[in-house]
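First up is the structure itself, then whatever we jot down about it.
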Amino acid sequence: MYAREVLQTALTDQGISTEIVGDAIYRFTQYECEWMVPQHIINQMLDRNDVDQTTNFIASKLFYLVRRIDEE
């Protein structure tokens, strides 16, 4: 539970909001881009990696999505 709270705080510091949708999905939002990920994937990432690596992965994934939207 503690790792998820630290992850959410770190993402908020980078301008990424985190929301739990239903019982099993995280929604990460930055600018007008949303990325939805099953909770078990994020939980596995937190178990295998540290919070910083997970935060960097999510931030870079959203950056890629926003960039792709801007290019279109």
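Taking CD1 from Ile58 and CZ from Phe28, the interatomic distance works out to 3.5 Å, rounded to the nearest 0.5 Å. The distance from atom CG of Leu11 to atom OG1 of Thr18, rounded to the nearest 0.5 Å, is 4.5 Å. Rounding to the nearest 0.5 Å gives a distance of 10.5 Å between CG of Asn49 and CD of Gln44.
Taking 4.5 Å as the limit, every side-chain heavy atom of Arg4 sits out of range of all side-chain heavy atoms of Gln8. Side-chain contact between Ile20 and Tyr26: present, with at least one pair of heavy atoms (C-beta onward) separated by less than 4.5 Å.
The side-chain hydrogen bond (donor to acceptor under 3.5 Å, both in side chains) check on Asp52 picks up nothing, with sequence neighbours excluded. Legend: residues meeting side-chain hydrogen bond (donor to acceptor under 3.5 Å, both in side chains) with Gln14, ordered by chain and number and at least two apart, are absent.
Tested against Met45 for a side chain to side chain contact (heavy atoms under 4.5 Å, CB included), the candidates Ile42, Asp47, Asn43 yield a single pass: Ile42.
For the pair Ala3 and Val51, the tightest heavy-atom approach, listed with the atom from each and the gap, is O-CG2, 3.9 Å.
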